[in-house]
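Here's the structure we're looking at; comments come further down.
The analysis underlying the following values was restricted to heavy atoms, covering all of them including side chains, and did not include hydrogens, waters or symmetry mates.
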Amino acid sequence: MSADLKPARFRLDIFLIGGAIVLLVAIFFYVSGQSQQVLRHSPSGLDGLQRWLATDGHPVRSFTGGWASEPAKIGLRILPIYDSDLNTVRAAPTSKEELLAQMDEYDVSESLLRQKAQIVQTLLVLPKWRSGMRLTGLGHPALLIPEGRASTGLQQVLDGPKQNVRYLRQPFTDFPVTTNGQSRTARLYVAQVFDGAGCTPLIGRVSEMVLGRCKLPDAPNDEVLVLSDPDLLNNHGLRLGDNAHIVKDILLDLAGEKTVMIDYSTSIWLFENFQGETRERTWSDLARFFAYPFSVLWGSAALLMVLTLWRAGLRFGPVTQAARGLGASKQTANTARARLMRLTGQDGALLGDYAKTRLVAFAARSLPAAQSKDVDAALGYARRRNPKLARKLEDALAVIGALPPHLPASSAIEHVDRFELILEQLEHDT
């Protein structure tokens with residue numbers, strides 16, 4: 001029996017190992033695609049802005065890279081910066097405390113930001129919060145990046161006069177704004193402003209600017225929009241004051257009828273005179289089909305495959321030795337014979353076979369398997385157990401054996417009841 005089980009156990013091990021590999025691959029792709037998704041959904045992300053701008057049917061989309069597009073279709077690129085120290089590779093956190101205090105989500109360079117700003121009208125959103133704000137969902141002063149840390153990156157991009165980024169020392173600050181002929185109020189928590197020398201303010205004033213239009217170096221005809229405080233349009237601050245209405249009026253006016261792109265990518269994907277059919281395929285094209293929400297489907301399919309292989313490995317195996325015996329065939333034959341005898345009215349002959357079978361089954365519970373099939377051995381066992389009841393049993397068997405083959409059903413039932421009563425008394429005799 002153990003030799004028969006080895007192939008099944010081997011196949012089961014193969015199924016389990018293969019299922020585990022598939023599951024691990026699915027988990028890897030799911031986790032790799034979740035980092036950007038979690039950031040966009042977090043309080044410091046801009047998914048809320050995307051839904052808000054799209055409420056009036058204006059084209060707006062989030063972009064994480066993977067395919068190229070033509071700049072002519074983009075009216076405004078919103079470029080959130082989650083790197084407070086450009087051109088410096090961030091150190092990976094080694095503890096929960098370091099993760100909460102982390103100031104950079106991923107690395108970008110000032111040259112990349114400048115190139116993107118030169119391709120299409122761009123709004124640079126400066127960093128303000130540590131990773132702890134994304135992880136805890138709490139806007140606490142302890143989770144702000146150090147004051148002025150974003151100044152260096154802004155100066156590198158603009159390459160102009162010193163652009164000092166600082167916080168205003170009060171919990172909430174209101175900035176009056178007029179959009180579409182209506183007076184509104186932008187409210188910011190621990191407002192982060194910059195000294196916008198050489199920039200045109202759109203929200204705030206030159207010494208305390210929140211949103212401004214600034215010149216790019218080496219490109220006097222190109223400008224870039226700079227937002228010093230991301231709370232004006234992120235998921236955390238969009239609901240404060242009139243921020244939502246101010247942002248919609250300003251951004252849609254800047255974009256015109258073209259698409260608003262919220263760009264999370266770390267590469268250049270907008271090209272002039274781009275011809276889609278000339279671009280060769282890369283692995284990133286295939287990877288897009290394993291990113292969210294496809295990762296959920298792949299993970300579900302992997303779990304279903306593992307479950308199917310596991311159940312199949314348990315269900316399909318070698319037939320046990322007991323199932324190969326003649327017991328099942330003999331029982332089937334006896335059942336067919338009894339049915340045939342009942343159909344032909346031979347209740348007397350059927351009763352004789354029934355009595356012998358019941359007597360053998362009674363003795364089988366106490367006698368060895370080889371002896372339990374013998375009627376004489378079963379009667380001998382009954383005599384040793386209770387001689388008086390054994391004599392009644394023998395008489396009942398003799399009467400049943402002398403019955404004619406064709407017997408009325410009522411008479412057959414009477415003999416069966418008498419025989420079963422004797423067996424029951426003998427079985428419970430102590």
Side-chain angles (χ1 to χ4, degrees), residues 39 43-44 46 77-91 98 100-118 122-134 139-173 175 186 188-220 222-234 236-237 263-264 266:
L39 179 60
S44 55
L46 303 183
R77 187 211 309 255
I78 301 174
L79 192 58
I81 303 173
Y82 296 99
D83 186 359
S84 62
D85 191 4
L86 305 179
N87 302 328
T88 300
V89 179
R90 68 187 183 97
E98 291 184 5
L100 291 173
Q102 179 180 251
M103 291 180 284
D104 305 328
E105 296 286 355
Y106 53 81
D107 295 320
V108 294
S109 64
E110 56 86 14
S111 60
L112 176 67
L113 297 179
R114 189 180 300 176
Q115 291 178 50
K116 287 190 174 185
Q118 291 174 347
T122 301
L123 170 63
L124 299 179
V125 183
L126 300 185
K128 178 180 179 180
W129 296 100
R130 298 174 185 264
S131 297
M133 196 269 197
R134 168 177 62 83
H140 192 276
L143 298 178
L144 294 168
I145 64 175
E147 185 176 32
R149 183 175 174 88
S151 300
T152 303
L154 181 59
Q155 293 171 19
Q156 290 174 339
V157 174
L158 299 182
D159 195 22
K162 183 178 182 181
Q163 305 290 347
N164 184 34
V165 181
R166 68 185 189 281
Y167 298 119
L168 298 183
R169 301 300 179 180
Q170 56 191 49
F172 291 94
T173 305
F175 296 87
L188 299 174
Y189 174 70
V190 190
Q192 180 175 257
V193 298
F194 70 104
D195 297 330
C199 300
T200 303
L202 300 180
I203 298 179
R205 54 182 184 271
V206 174
S207 59
E208 294 180 354
M209 193 176 302
V210 176
L211 176 62
R213 189 187 301 273
C214 305
K215 293 289 185 180
L216 282 173
D218 303 326
D222 291 331
E223 295 179 328
V224 63
L225 295 163
V226 177
L227 176 63
S228 61
D229 197 321
D231 289 347
L232 181 68
L233 44 70
N234 62 17
H236 165 67
D263 188 1
Y264 295 92
T266 56

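- In this structure, Val226 and Cys214 approach most closely via the heavy-atom pair CG2-SG, 4.1 Å.
- Remark: Ser111 pairs with Ser109, Gln115 by the side-chain contact (heavy atoms from CB on, under 4.5 Å) rule, at least two apart or across chains.
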For Leu46 and Leu233, run side-chain contact (heavy atoms from CB on, under 4.5 Å): C-alpha distance rounded to whole Å, both residues' side-chain angles, the deciding distance at 0.1 Å, then the answer. CA-CA 7 Å; Leu46 303 183; Leu233 44 70; 3.5 Å; yes

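- Residues passing the salt bridge (charged side-chain N to carboxylate O under 4.0 Å, His left out) test with Arg77, sequence neighbours excluded: Asp263.
- Legend: residues meeting side chain to side chain donor-acceptor pair (under 3.5 Å) with Glu110, ordered by chain and number and at least two apart, are Arg114.
- Taking the side-chain contact (heavy atoms from CB on, under 4.5 Å) definition, one finds that Ala186 meets it with Phe175, Val177, Leu232, Asn243, Ile246, sequence neighbours left out.
- Here OH of Tyr106 is found 9.0 Å from CD1 of Ile81. Values are rounded to the nearest 0.5 Å.
- Nearest heavy atoms, Val108 versus Asp83: N-OD2, 3.0 Å.
- A distance of 9.5 Å separates OG1 of Thr122 from CG of Asp222, quoted to the nearest 0.5 Å.
- The backbone N or O of Ala101 sits less than 3.5 Å from a side-chain atom of Arg130, completing a donor-acceptor pair.
- Applying the side chain to side chain donor-acceptor pair (under 3.5 Å) criterion to Ser44, with sequence neighbours excluded, gives Ser42.
- The nearest pair of heavy atoms linking Val210 to Leu188 is CG1-CD1, 3.9 Å.
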N/O donor-acceptor pairs under 3.5 Å from side chains in residues 189-197, not counting sequence neighbours:
{"from": "Gln192", "atom 1": "NE2", "to": "Pro127", "atom 2": "O", "distance (Å)": "3.1"}
{"from": "Gln192", "atom 1": "NE2", "to": "Ser228", "atom 2": "O", "distance (Å)": "2.4"}
{"from": "Asp195", "atom 1": "OD1", "to": "Arg166", "atom 2": "NH1", "distance (Å)": "2.6"}

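- Between Glu208 atom CD and Thr173 atom OG1 the span is 8.0 Å, to the nearest 0.5 Å.
- The salt bridge (charged side-chain N to carboxylate O under 4.0 Å, His left out) test applied to Arg90 returns no partner, not counting sequence neighbours.
- Residues Pro43 and Arg134 come closest through the heavy atom pair CD-O, 4.0 Å.
- Contacts of Asp104 classified as side chain to side chain donor-acceptor pair (under 3.5 Å), with partners at least two apart in sequence or in another chain: Ser84.
- Shortest non-hydrogen contact noted between Cys199 and Met209 is O-CE, 3.8 Å.
- Under the side-chain contact (heavy atoms from CB on, under 4.5 Å) criterion, Pro171 pairs with no residue at all, not counting sequence neighbours.
- Nearest heavy atoms, His236 versus Gly139: CE1-CA, 4.3 Å.
- The distance from atom CG of Leu227 to atom CG of Leu124, rounded to the nearest 0.5 Å, is 9.5 Å.
- In this view, Leu202 and Leu211, Leu225 satisfy the side-chain contact (heavy atoms from CB on, under 4.5 Å) rule, not counting sequence neighbours.
- Applying the salt bridge (charged side-chain N to carboxylate O under 4.0 Å, His left out) rule to Glu98 yields no partners; only residues at least two apart in sequence or on another chain are considered.
- Considering only residues two or more places apart in sequence or on other chains, Asp231 meets the side chain to side chain donor-acceptor pair (under 3.5 Å) condition with Lys128, Trp129, Asn234.
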